[in-house]
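Structure record follows, encoded as structure tokens.
Just so it is clear, the values below take in all heavy atoms, side chains as well, and ignore hydrogens, waters and symmetry mates.
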Amino acid sequence: MRIGVITFPGTLDDVDAIRAVRYAGAEPVALWHGDHDLAGVDAVVVPGGFSYGDYLRAGAIASLAPIMTEVKAAAAGGMPVLGICNGFQILCEAGLLPGALVRNAGLHFLCRDQRLRVESTDTAWTGAATAGQEIVVPLKSGEGRFVADAETVARLEGEGRVVFRYLGGNPNGALADIAGVASADGRVVGLMPHPEHAIDPLTGPSDDGLVLFTSVLGAAVGS
């Protein structure tokens, strides 16, 4: 399986995402923000960082990059897409996921190991996890507070599209402790914490994040 990892100007977690893809047993493919095709990949990771310096609004400029036109078309056809931190912001700005990410409550940048609960395994990126499983992965963001109108939150909860929820206290004021959500078909997932930094206990707090990358391999086999 070939998984593309996009680099925008300001992206800083693309190398870690490529490493996570390789750890999972897939072939990473580097994609550039100005590309007009996805090089035949089977899935895409939109990694974290500060695309375009987070000018205007985090993820807003990147959502208009040429490569995102291709990502949106591929997602409409069922290709799995994972957005991590800034990538989550980009997917929301692009309309691939509902809601928005705004400044943390308290306006502080957070950098900590964060407990999460896997709320849904009915997605391409969590199929290898168990429902209710607790994982520990790093969180590092200043604009990670998930917000949406009440109708949208009710729909996400009712349709089982809240994929990850914060445990041990809400770090940033996110609505309903939401750390990650999925598209209606479960193929597109975004989350604020960083699973790509938790794939080996030697370099992270755990290897809990690897399950997202192995899950998408299983989703490809099952599709």
Side-chain angles (χ1 to χ4, degrees), residues 4-18 20 30-35 44-72 74-75 80-114 116 125 137-149 152-153 156 161-166 169-183 188-198 209 212:
V5 178
I6 303 173
T7 299
F8 300 90
T11 296
L12 55 80
D13 293 321
D14 45 351
V15 173
D16 301 80
I18 285 173
L31 300 174
W32 183 238
H33 69 109
D35 289 347
V44 168
V45 176
V46 187
F50 300 91
S51 59
Y52 299 93
D54 275 354
Y55 292 119
L56 181 62
R57 190 175 59 244
I61 300 175
S63 70
L64 303 175
I67 193 72
M68 289 307 299
T69 298
E70 310 305 323
V71 171
K72 287 189 281 188
V81 179
L82 175 66
I84 304 168
C85 194
N86 192 225
F88 185 14
Q89 296 161 340
I90 293 168
L91 296 184
C92 289
E93 292 286 345
L96 288 173
L97 290 172
L101 286 309
V102 300
R103 294 290 301 273
N104 295 339
L107 305 182
H108 293 296
F109 187 92
L110 299 173
C111 186
R112 56 189 277 187
D113 294 337
Q114 178 64 49
L116 302 176
W125 298 93
V137 298
L139 172 70
K140 52 186 183 91
S141 53
E143 298 181 47
R145 178 162 59 98
F146 180 81
V147 296
D149 60 63
T152 298
V153 173
L156 290 171
R161 293 167 56 188
V162 174
V163 184
F164 299 100
R165 212 180 300 267
Y166 295 113
N170 187 326
N172 53 26
L175 280 175
D177 301 337
I178 292 173
V181 300
S183 59
V188 182
V189 169
L191 76 164
M192 283 311 299
H194 287 261
E196 82 280 20
H197 294 327
L212 278 82

List the atom pairs, with distances to 0.1 Å, where a side-chain N or O of residues 45-54 and a protein N or O form a donor-acceptor pair under 3.5 Å, not counting sequence neighbours.
from	atom 1	to	atom 2	distance (Å)
Ser51	OG	Asn86	OD1	2.8
Tyr52	OH	His33	ND1	2.8
Asp54	OD1	Asn86	ND2	3.4

Between [atom1] of [X] and [atom2] of [Y], what distance do you get to the nearest 0.5 Å?
X	Y	atom1	atom2	result
Asn104	Ser141	CG	OG	5.0 Å
Thr152	Arg161	OG1	CZ	9.0 Å
Ile84	Ile90	CD1	CD1	11.0 Å
Lys140	His197	NZ	NE2	3.5 Å
Glu70	Ile6	CD	CD1	10.0 Å
Ser63	Arg57	OG	CZ	8.0 Å

(message) Tell me if the OH atom of Tyr55 is crowded by more than 12 foreign heavy atoms within 6.0 Å.
(response) no

* To do: Apply side-chain contact (heavy atoms from CB on, under 4.5 Å) to the pair Leu191 and Val163, showing each step before the final yes or no.
  => CA-CA 8 Å; Leu191 76 164; Val163 184; over 6 Å; no

Exactly one candidate in Asp177, Leu212, Val181, Val137 meets side-chain contact (heavy atoms from CB on, under 4.5 Å) with Phe164; the answer is Leu212

| Val102 and Glu143: CA distance, side-chain angles, deciding distance, side-chain contact (heavy atoms from CB on, under 4.5 Å) verdict | CA-CA 5 Å; Val102 300; Glu143 298 181 47; over 6 Å; no

Closest contact, heavy atoms only, [X] versus [Y]:
X	Y	result
Ala176	Arg165	O-NH1, 3.0 Å
Ala182	Val189	CB-CG2, 4.0 Å
Val5	Ala17	CG1-CB, 3.9 Å
Phe8	Met68	CZ-SD, 4.1 Å
Arg145	Ala105	NE-N, 3.8 Å
Lys72	Ala94	CD-O, 3.5 Å

Would you call Leu97 and Ser183 a side-chain contact if the rule is heavy atoms closer than 4.5 Å?
yes

Which is it for Tyr166 and Gln114 under the side-chain contact (heavy atoms from CB on, under 4.5 Å) test, yes or no, and what are the steps along the way? CA-CA 7 Å; Tyr166 295 113; Gln114 178 64 49; 3.7 Å; yes

Partner of Thr7 under side chain to side chain donor-acceptor pair (under 3.5 Å), picked from Asp13, Asp35, Asp14, is Asp14

*asked:* Please evaluate residues Val162 and Phe146 with respect to the criterion side-chain contact (heavy atoms from CB on, under 4.5 Å), reporting the C-alpha separation (whole Å), side-chain torsions for both, the decisive distance (0.1 Å), and the verdict.
replied: CA-CA 11 Å; Val162 174; Phe146 180 81; over 6 Å; no

